2 protein chains.
Amino acid sequence: MSKFEASNTDLTKNQNLVMGALSQANGPLSAYTILDELREHGFRAPLQVYRALDKLVELGLVHRLESLNAFVACQHSSCGGDKRENVLFAICETCGKVQELVDERLLDTVKNLAENEDFSLSKSVIELRGKCGSCQPS
Amino acid sequence: MSKFEASNTDLTKNQNLVMGALSQANGPLSAYTILDELREHGFRAPLQVYRALDKLVELGLVHRLESLNAFVACQHSSCGGDKRENVLFAICETCGKVQELVDERLLDTVKNLAENEDFSLSKSVIELRGKCGSCQPS
DNA sequence: GCAATGATGTAATATAATAACATCACATTT
DNA sequence: AAATGTGATGTTATTATATTACATCATTGC
């Protein structure tokens with residue numbers, strides 16, 4: 001059971017609609033793309049989308065991609081528990097698909113670096129850009 | 001001699017003005033902030049700023065901070081040579097200052113991870129958020 | 001001179017995000 | 001039932017960020 005399904009009933013109508021749109025998409029969506037998709041369901045203003053997104057991000061069901069100004073549904077089940085967003089993303093510049101990754105070694109390295117620099121880390125934004133396996137010349 | 005000074009004469013008038021604004025600032029600036037600062041020098045439209053920024057980023061003299069939609073002057077002299085942006089940023093959420101870092105170990109870890117995931121890396125966006133040394137409770 | 005190229009100027013538009021304020025739904029208390 | 005509090009919604013307007021399209025100017029090479 002996915003986190004979405006698990007907490008499905010806890011979400012409000014708008015949150016559910018936005019979560020549904022992101023879950024069905026096979027890549028990240030911008031807030032305005034979501035708005036357009038949900039117009040048939042009664043959405044009329046950006047704020048309806050942004051408010052839902054804020055909550056979904058807070059719950060760990062959705063992640064924001066800073067380098068795309070877009071949002072993706074969380075692809076695994078361990079995000080909600082941790083306060084810090086311990087995930088990173090591999091964004092294919094060819095097909096647009098995004099893979100969500102967790103890598104303890106990378107996170108440790110980041111934490112270590114922050115400590116060495118006397119920087120008190122609250123969150124790390126790590127977004128890799130390049131070509132995914134399917135989009136590379138074979 | 002900084003890279004800015006070194007290539008100063010190669011830059012066009014607008015590029016020089018934008019570079020100057022960023023060099024004087026003690027933190028990142030948005031394109032529109034730069035525009036406002038340069039109005040007295042004849043700037044009138046966003047595009048004048050964006051065009052200069054594009055070139056400066058390409059030259060490695062300026063970096064774009066994806067999570068802030070803002071730009072900073074490069075803080076060291078090794079950026080221009082490398083095609084991939086092998087730098088990361090520690091962004092203080094209290095004072096707004098940004099520290100530009102190079103960390104071979106972190107970069108290796110990233111490259112390694114990308115390889116394991118069959119992801120052909122073109123660029124990595126790494127932006128740490130938190131509190132810098134000066135802003136932490138002592 | 002004249003074409004090619006790159007830089008610039010300007011207006012308009014597209015895209016992303018928030019502010020401000022009114023209303024609604026529902027639970028709690030009295 | 002009435003009053004109240006709270007969180008979710010709806011709506012309009014505005015602010016912030018970035019790009020498109022097109023005209024003009026400067027420099028270089030022929």
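Everything numeric here is computed off the predicted structure, so don't read it as measured data. Below, read A as the first sequence line, B as the second, and so on, with proteins coming before strands; counting in each chain starts at 1.
When all heavy atoms of A/T109 and B/L106 are compared, the closest pair comes out as CG2-CA, 3.7 Å. When all heavy atoms of B/E66 and A/S67 are compared, the pair lying nearest together is OE1-CA, 3.7 Å.
Atom CG in A/L17 sits roughly 15 Å away from atom P in D/dA8 (whole-Å rounding). Atom CG of A/D10 and atom P of D/dG7 are 16 Å apart (whole Å). D/dT12 atom P lies 13 Å from atom CG of A/L35, rounded to whole Å. A straight line from CG of B/L65 to C1' of D/dT17 spans 15 Å, rounded to a whole angstrom. Between the P atom of D/dA26 and the NZ atom of B/K13 lies a distance of 11 Å, rounded to the nearest Å. With rounding to whole Å, B/D54 atom CG is found 15 Å from C/dG6 atom P. Here the C1' atom of nucleotide D/dA8 and the CG atom of A/L53 are 15 Å apart, to the nearest Å. D/dT11 atom C1' lies 13 Å from atom CG of A/N14, rounded to whole Å.
For A/Q48 (side chain) and A/A45 (main-chain N/O), a donor-acceptor pair under 3.5 Å exists by modelled atom type. In terms of modelled atom types and a separation under 3.5 Å, the side chain of B/Q15 and the main chain of B/D10 share no donor-acceptor contact.
Taking 4.0 Å as the cut-off between side-chain N and carboxylate O, B/D36 and B/R39 count as a salt-bridged pair. Taking 4.0 Å as the cut-off between side-chain N and carboxylate O, B/R129 and B/E127 do not count as a salt-bridged pair.
Contacts between residues 43-52 of chain A and DNA chain D, defined by a heavy-atom separation under 4.0 Å, are made by A/R44, A/A45, A/L47, A/Q48, A/R51.
For C/dA17, one of the phosphate oxygens OP1 or OP2 lies less than 4.0 angstrom from a side-chain nitrogen or oxygen of A/N69. Side-chain nitrogen and oxygen atoms of A/T12 include none within less than 4.0 Å of the OP1 or OP2 phosphate oxygen of D/dG7.
An aromatic stacking contact between A/Y32 and the base of C/dT15 is absent, as defined here by ring centres under 5.5 Å apart and ring planes under 30° from parallel.
Side chains of B/S120 and A/Q136: a donor-acceptor N/O pair is absent below 3.5 angstrom, by distance only.
Heavy-atom nearest nucleotides on DNA chain D were determined for A/G42 and for B/L68, and the one closer to the 5' end corresponds to A/G42.
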